[in-house]
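Take a look at the structure set out below.
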Number of protein chains: 2
Amino acid sequence: MRKISKAVITRLPRYYRYLDELIQQDVERVSSKELSDMMNVTASQIRQDLNNFGGFGQQGYGYNVKYLYDEIGKLLGLDVTHKMIIVGAGNLGQAIANYGNFRNRGFEITALFDKNKDLIGKKTVNGTEIRDISTIIDYVKNENIEIVALALPKGPATDIAEKLVECGVKAFWNFAHTDLGFSDDIIVENVHLSESLMKLTYRISEKANKNK
Amino acid sequence: MRKISKAVITRLPRYYRYLDELIQQDVERVSSKELSDMMNVTASQIRQDLNNFGGFGQQGYGYNVKYLYDEIGKLLGLDVTHKMIIVGAGNLGQAIANYGNFRNRGFEITALFDKNKDLIGKKTVNGTEIRDISTIIDYVKNENIEIVALALPKGPATDIAEKLVECGVKAFWNFAHTDLGFSDDIIVENVHLSESLMKLTYRISEKANKNK
DNA sequence: TAGATTGTTAATCGATTAACAATC
DNA sequence: TAGATTGTTAATCGATTAACAATC
């Protein structure tokens, strides 16, 4: 299989979302042209993207919605369970824990961790316990945690992440305002909120300058 | 000025972040080569990117860190104040309101809105009041709000956004799990958390398959 | 002046779009 | 069978990298 580009991978979850909507509308089949109209991308691109992974469609028919949805789900690793913990039980950590759909899609959030004694053992978030961050290393080892969400400031996030890498964690969902500089075999998916907001304000100023 | 590509715009906040770190380390000048080593991009790309906007450097010297930082800040619209409200005062809305640095960077969060009577008028987040969502239209008109952050489920988010567009809002920071299908003069910056997480699990499965 | 490093042009690479034969 | 639409090759477009003259 040839190397899949980042651009293609970024589009997969979006296809998945639109297919989910079609399923909810009881739509059984869809052509690349129909999907292209809904999603504002070219039909050509949809067909190219999908054919990176295999022939999911059928000439003269199009794509079976449910089948394509399931296949993309498999590509995205949503057919297996992922054990995840959240480090940092502030608003952001709690928001992640509460993001309802995650559980339905095979994500199992087994614990949150924080250093705040007022939270540890005293509060649950969506039924999940908040544990003492000093116990995280043993926990991760024993529970075979696959994904660690980092919802705490960059200093402590970097420290914790380094320790966790040493004990075998291979995937981080990083909300801290820094790039964790690990080697390529450690997967880091960044969510840099402030950078997203800056893209927004860039576009605002760009528009303002145009109207001058 | 020629059309700036999305890829370039996405990189600007990242340059900005690294320059900020250099300032904090009292570094005065930096060459594209040095920056390229720090950031894992090519020096050529840095020079190309910056030259879309003007000659910020000096041959034989490199770039003055503070000057370049300020110039990129201006490009990103961070030299002016942006009035923003947050719709949805759940964990995510509160997390956004508490994201400390926003205020320092010229973002003024003037209110949160929610439909939950237990929150309205009863709680403040980082000093900001939670208001009744039924009052949002008048508020936005009177207060001249520029950016609306949508931190609520897709159904209500879509409804509210449509009403707000009618009364003149031009920019949304959208955390709802949907693409708001507005015309091009409405700026929408999406933060699709679940799609980010799926990119992560894609990479996990990809790696697992490779090792088979 | 010599050395360093930008700004910028040209070359390469990769991604998107167009076109159409294959085939359901 | 005829019509529709995919899968796939070829053409185009755009973004990244390389190279080097300009210049501080």
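Just so we're on the same page: letters track the sequence lines, and every chain starts at 1.
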* Asked: If only side-chain N and O atoms of B:S44 are considered, is one of them under 4.0 Å from the OP1 or OP2 phosphate oxygen of D:dT16?
  -> no

* **Length of the CG-P vector between A:L50 and C:dT16, whole Å** => 13 Å

* Structure fact -> Re D:dA22: Watson-Crick or G-U wobble partner, both distances kept under 3.5 Å, found to be C:dT5

* **Below 4.0 Å: OP1/OP2 of D:dT6 and any side-chain N or O of A:R47** => yes

* **Modelled atom types, side-chain donor and acceptor of A:D185 and A:S183, under 3.5 Å** => yes

* Asked: Once you round it to whole Å, what is the distance between P of C:dT5 and CZ of B:R29?
  -> 6 Å

* Are any of A:T42's side-chain N or O atoms less than 4.0 Å away from OP1 or OP2 of C:dT17? -> yes

* Closest nucleotide of DNA chain C for A:Q45 versus for A:Y61: which of these residues is on the 5' side? -> A:Q45

* Asked: C:dT9 C1' sits how many Å from B:N51 CG, rounded?
  -> 12 Å

* Complementary nucleotide for D:dT12 - Watson-Crick or wobble, under 3.5 Å -> C:dA15

* In whole angstrom, what separates B:F53's CZ from C:dT6's P? -> 17 Å

* To do: Starting at atom NZ of A:K33, determine the distance to atom C1' of D:dT6, rounded to an integer number of angstrom.
  => 15 Å

* Please work out which of the three classes, parallel, tilted or perpendicular, describes the rings of A:H177 and A:H192, given edges at 30° and 60°. => perpendicular

* **D:dT6 base / A:Q48 side chain donor-acceptor hit below 3.5 Å** => no

* To do: Please assess A:H82 against B:L197 for the test side-chain contact (heavy atoms from CB on, under 4.5 Å), listing each intermediate value before the final yes or no.
  => CA-CA 11 Å; A:H82 298 282; B:L197 186 56; over 6 Å; no

* To do: Check every strand shown and say whether B:S5 touches a base, only sugar-phosphate, or nothing at a heavy-atom separation below 4.0 Å.
  => sugar-phosphate

* Whole angstrom is fine here: how far is it from CD in B:Q59 over to P in C:dT6? => 9 Å

* Asked: Whole Å only: how far is the NZ atom of A:K3 from the P atom of C:dG14?
  -> 10 Å

* To do: Considering just the side-chain nitrogens and oxygens of B:Y63, establish if one lies under 4.0 Å of OP1 or OP2 belonging to C:dA4.
  => no

* To do: Take the protein atom CG of B:L68 and the nucleotide atom C1' of C:dT6, then report the distance between them rounded to whole Å.
  => 13 Å

* Asked: Taking N and O atoms by type only, does the side chain of B:Q58 place a donor or acceptor under 3.5 Å from a partner on the base of C:dT5?
  -> no

* Test of ring centre spacing under 6.0 Å for A:Y15 and A:Y69 -> no

* To do: Check whether any side-chain nitrogen or oxygen of A:R11 sits under 4.0 Å from OP1 or OP2 of C:dT16, and answer yes or no.
  => yes

* Take B:F113 and B:Y139, measure what ring-ring contact (aromatic ring centres under 6.0 Å, His included) needs, and give me the verdict at the end. => CA-CA 10 Å; B:F113 289 86; B:Y139 183 90; 5.2 Å; yes

